[in-house]
Amino acid sequence: MYVAVKGGEKAIDNAHALMRSQRRGDSKVAELSVEQIRQQLPLAVDRVMNEGSVYDPELAALALKQASGDAVEAIFLLRAYRTTLPRFGYSEPLDTENMQIERRISGTFKDLPGGQILGSTYDYTHRLLDFALLAEGEAPSSPAEGSCTEAGELEDSLCELEACPRVLELLNKEGLIEQSRQPGEADETPRDLTREPVNYPAERAVRLQNLIRGDEGFLLSLSYAAMRGYGDSHPFAGEMRTGRVSVELVPEELGFPIEIGEVLVTESEMVNQFHGSKEQPPQFTRGYGLAFGRAERKAMSVALVERALRAGELGEEVLYPTQDQEFVLSHTDCVSANGFVSHLKLPHYVDFQSELEMIRRLRREIDTGESSARQANESSEEDNRR
Amino acid sequence: MSVANQQDPTTQADAQAARQRWMGILAKASSDDLQQQWQALQLEPEYQFIRKPETGLTMLRGRLGGAGQPFNFGEMTLTRCAVRLSSGTLGVSYIAGRDKQHAITAALADALLQEADTATLLQNTLITPLAEKQAAQVQARAAAANSTKVDFFTLVRGED
């Protein structure tokens, strides 16, 4: 039971003032602007957008600044802000196949149509601290930047990317990889967990929505566990792509779709071995992940956990927590998790007092029980001696 | 999307396709670029708000496996606005983000692009330059990405 306390306003005001000055740091050092965070810490911004579940880089950067860089606190701020905004309907499903690709790799197929494009990546770096960044001054810019507009610097062929069809759909001619939909299957309206709570068992669309707004660290660890032996997962990275996709929606007053802008997203498709069931022959199954911004670790973790959670419907034995919907989906949300853990910091004085009383009482009972037992023992020993 | 004849759309479908195109270009333009081009036009149309610019959220949808059933992905901020010119023409905008001025200007441009006497001017001095700039940005990004295109080759291992 939680009993409220009163008072402490002055101390709380001062504590918040102290937090603001600590956040500002040494005033001799220039203040960080929201635009600088947005431009120069984009991966932190992407994480806040993903788990805050709102695509708005400026707001996510603001939240990071306000939260002194604490991702979970920033996510909480963004989630709180989103509740103040009205909802203007749903977008048309994003067409990720027509993404303007800035990075696209496959761990399964060397020669894919459209090619492998490394884009900007930390892969292949040596993870040595770069002390050049510690020195002031401009870092060298990328070689191809703006080259297409400056005539003659780059071949024309470089300015047009080849079409990049989805690898797994394309290589499905043998029927060895499951299809993402059956021929002629009509679209169903997915349930929206921001509008209605998750019911178990949850359908695949709801599970995916939950995972995408879930805590990156939690999902990463779960997918790691699933691969290490707590989930029977033997995945390959079928395809991963990052780039811009167009957002379209159909305003009621117009009745036709219009483009409202673009979002940068990362998409991951994992391929998993599947030994087959009574209904299905052995084949590769797929796990799918999608995330805002450049968020490969997140997209891959979502795809791996997404696949693990399909165990039940694929007829695999559900043996591990990673395959257990209720365990996974009810613990992904960092705002809920943080709230529940953090609430322990609030005064629980009355609560604790009552438990303290109980422990004292139990001790007394044991003590009196022991002493009476001892007395009984002693008297019986005396009896024996007699 | 086809580039329809904007001056004299022969069918309703053409008119709609043309409008979809310019609404997309207006939405994807940076607010600064749009304001700059717009102010250079020195148009001061009379209008009233049918819907003052308001910011809200839309739930983005994706597809399972990229091509399967729709699912709810996450929300995004957007701002919408609707204006009516004194002629009665309605202009509408839905713009990603929270920039109200962007939404107002885009709605006004949408209305004027439907008016016979301003359509050509706006096409030539607003939509075309914005579209060209956007195409150049697409090309620059494509070139940057293409410079990282890789050919992996597998090595024959000695022990095999």
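Each chain gets a letter, A, B and so on, in the order its sequence line appears, and its residues count up from 1.
A:D56 contributes atom CG, which lies 9.0 Å from atom OG1 of B:T55 (distance to the nearest 0.5 angstrom). Note that the CG atom of B:L64 and the CD atom of A:E203 stand 10.5 Å from one another [nearest 0.5 Å]. Of the inter-residue distances, the one linking B:S93 atom OG with A:I258 atom CD1 reads 8.0 Å to the nearest 0.5 angstrom. Taken from CG in A:L290 to CZ in B:R61, the straight-line distance is 14.5 Å, to the nearest 0.5 Å. Rounded to the nearest 0.5 angstrom, B:T58 OG1 and A:E92 CD are separated by 9.5 Å.
When heavy atoms are compared at a cutoff of 4.5 Å, B:V92 approaches chain A solely by way of its side chain, counted from C-beta outward.
Ranked by heavy-atom pairs shorter than 4.5 Å toward chain B, the options A:S268, A:P57, A:A291 are led by A:A291. Top candidate by heavy-atom pairs under 4.5 Å with chain B, chosen from A:R104, A:R244, A:E178, is A:R244. Your options are A:G52, A:G115, A:P251, A:G261, and the one with the most heavy-atom pairs under 4.5 Å with chain B is A:P251.
Contacts with chain A (heavy atom to heavy atom, under 4.5 Å) involve these residues of residues 71-81 of chain B, listed by number: B:F71, B:N72, B:F73, B:G74, B:E75, B:M76, B:T77, B:L78, B:R80.
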A:E262/B:K28 under side chain to side chain contact (heavy atoms under 4.5 Å, CB included): CA gap, chis, key distance, verdict: CA-CA 7 Å; A:E262 289 174 324; B:K28 283 188 294 183; 3.9 Å; yes
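Comment: B:R63 engages A:D187 in a salt bridge, judged by a side-chain N to carboxylate O separation of less than 4.0 angstrom. Using a 4.0 Å cut-off between a side-chain N of Lys or Arg and a carboxylate O of Asp or Glu, A:E102 and B:R141 do not qualify as a salt bridge.
Within the 3.5 Å criterion, the main-chain N or O of B:A67 finds no donor-acceptor partner in the side chain of A:E97.
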